[in-house]
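Just the heavy atoms: all of them, side chains too, but no hydrogens, waters or symmetry mates, feed the values below.
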Amino acid sequence: MEKEVKYLMHPHLLFRYIAKKFWSPFFFALGVFATLVVLGDTFEKMKNLGNGITTLWDILSYSLVTFPNWLATIMPVACLLGAISVISEMVANGEWTACVAGGFSPKQLFKPIVACILIVVAITMLMQEFIVPPLNVKANYIYYTRMKPRPNYNQYLENDVLIKISPTQMLYAKEVDLTRGTMNKVSLDSYNNEWDIAEQIVADQMVWDNEQQHWVFQNGIFRTFSGLLNTSEAPFSTRISPMQIRPDQMSVGRVDEDLMGIRGLTKRIRFHQKTGIASYSAETLRQAKLATPFVTLIMCLLGMPFAISTRRKSKILNIIASLVIAFTFWWLISMCTSIGQNGYLSPFLAGWGPVLVFGVVVFFEFKWMKL
């Protein structure tokens with residue numbers, strides 16, 4: 001009792017006391033969920049051991065490089081469980097009632113928990129932006145060279161790429177390697193106002209020239225069409241192309257956009273806008289990632305008042321409540337994201353819609369419970 005009175009007398013100590021209580025259930029939930037998910041994924045990948053190429057070390061390496069991605073995915077649920085556990089424990093021990101009787105409002109008692117959640121959110125965002133994307137590249141390399149090998153696999157080489165250069169020009173490349181600034185087996189078709197082909201350039205290769213700041217065709221043929229049967233051809237060794245987009249500004253990779261960071265998605269969107277390609281899929285995912293901090297915070301605020309109404313300390317009940325709230329939230333987010341990626345909903349509404357919906361729910365929840 002003396003300890004409780006001491007903390008009630010000092011708001012800063014109370015803040016530290018509540019914040020400290022958050023981390024134990026948070027790390028417990030993070031460890032349990034991460035272990036279950038990683039073990040499940042590892043055992044699922046073990047079916048590749050029978051192909052005569054994959055080794056146990058390959059599977060363990062794959063699990064290791066994908067672990068941060070799973071960790072970042074699980075952190076919001078761990079935050080929710082940690083927040084609910086802290087409040088329900090304080091309620092069960094009488095600490096919540098003592099704090100309220102000592103003049104502290106529920107919102108004041110929520111502040112240290114929210115501060116801890118924001119720390120976790122910041123770490124998660126940094127992981128998803130700077131750690132997870134490069135590790136996903138390594139995971140793909142392990143998967144497609146050791147677990148499900150592809151002949152002559154090159155993670156930087158893209159096949160059968162189609163790029164819109166201008167409203168009347170389309171470029172096709174059999175192979176694209178932006179790290180080297182090369183495109184092999186290219187064809188540039190130019191059309192007239194009636195969308196009949198007017199000119200065509202077919203070349204063995206197209207390379208980026210830093211000095212001229214242009215892509216340059218090498219060893220090709222320039223064709224001119226003046227009718228259905230009238231065609232003239234002129235071979236060339238080099239020819240400057242109309243394409244001026246630098247390789248580092250291009251994004252033609254088939255990397256799963258769900259695994260890309262905000263910077264990677266922004267690069268892809270800008271490239272699509274320059275070339276006239278629809279970018280609603282990447283834009284939807286970018287807005288969803290930008291809304292991630294608010295998603296985690298609102299999800300936790302949605303579950304925290306629930307813990308106040310729970311008079312008995314029950315870890316099982318806390319876990320069930322956390323999972324129900326989290327999966328409901330994720331279901332709505334997944335549904336909106338899927339609709340937005342297919343172009344049936346504005347990317348901004350698809351990304352921020354769940355935040356707005358549950359934000360309104362949290363507002364009325366706090367108002368109804370007079371918090």
For this session: Evaluate the ring pair (Phe, Tyr, Trp, His ring centres under 6.0 Å) criterion for residues F26 and W23: first the C-alpha distance (whole Å), next the side-chain angles of each, then the deciding distance (0.1 Å), finally the verdict.
Result: CA-CA 5 Å; F26 168 78; W23 296 111; 5.6 Å; yes

Could you check whether any side-chain N or O of [X] sits under 3.5 Å from a backbone N or O of [Y], counting only pairs where one atom can act as donor and the other as acceptor?
X    : Y    : value
K289 : T284 : no
N48  : K45  : yes
N192 : D196 : yes
D58  : T54  : no
E129 : L126 : no
D41  : V37  : no
H214 : S241 : yes
R239 : V216 : no
N219 : F236 : no

I need the minimum non-hydrogen distance between [X] and [Y], along with the two atoms involved.
X    : Y    : answer
A350 : C336 : CB-O, 3.3 Å
F67  : A34  : CE1-CB, 4.0 Å
I165 : P242 : CG2-CG, 4.3 Å
P347 : E283 : CB-CG, 3.5 Å
S338 : N342 : O-ND2, 2.7 Å
M46  : L56  : CE-CD1, 3.9 Å

Kindly compute the distance separating [atom1] ([X]) from [atom2] ([Y]), expressed to the nearest 0.5 Å.
X    : Y    : atom1 : atom2 : answer
D204 : S237 : CG    : OG    : 11.5 Å
F15  : L109 : CZ    : CG    : 11.0 Å
Q287 : L349 : CD    : CG    : 11.0 Å
I113 : L118 : CD1   : CG    : 12.0 Å
I142 : S63  : CD1   : OG    : 9.0 Å
M127 : L135 : CE    : CG    : 9.0 Å

pair [X]-[Y]: side-chain heavy atoms closer than 4.5 Å:
X    : Y    : answer
F358 : T328 : yes
P247 : W215 : yes
D189 : S187 : yes
K174 : N159 : no
F22  : I117 : yes
E95  : Y17  : yes
L302 : V361 : yes
R223 : F225 : yes

Let me check something: do [X] and [Y] share a hydrophobic cluster, defined by ILVMFWY side-chain heavy atoms less than 4.5 Å apart, either directly or through other members?
X    : Y    : result
V202 : M243 : no
I269 : F348 : no
I333 : L290 : yes
F363 : L356 : no
I221 : L188 : no

Problem set entry | Greater than 12 external heavy atoms within 6.0 Å of F366's CZ | yes

Problem set entry | Exceeds 12 heavy-atom contacts within 6.0 angstrom, atom CZ of R146 |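 Atom CZ in R146 is crowded, with more than 12 foreign heavy atoms closer than 6.0 Å.
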
For this session: Decide whether a cation-pi geometry holds between R150 and Y144; the criteria are a distance under 6.0 Å from NZ or CZ to the six-membered ring centre and an angle within 45° of the ring axis.
Result: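 Pair R150/Y144 counts as cation-pi.
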
Problem set entry | Residue pair S279, R268: steps toward the side-chain hydrogen bond (donor to acceptor under 3.5 Å, both in side chains) verdict | CA-CA 8 Å; S279 59; R268 176 161 294 186; over 6 Å; no

Exercise. Any idea how Y143 and Y62 line up, ring-wise: parallel (<30°), tilted (30 to 60°), or perpendicular (>60°)?
Worked result: tilted

Exercise. Hey, would you say the F294 and W352 ring centroids sit under 6.0 Å apart?
Worked result: yes

Problem set entry | Exercise: do T224 and E199 side chains pair donor with acceptor under 3.5 Å | no

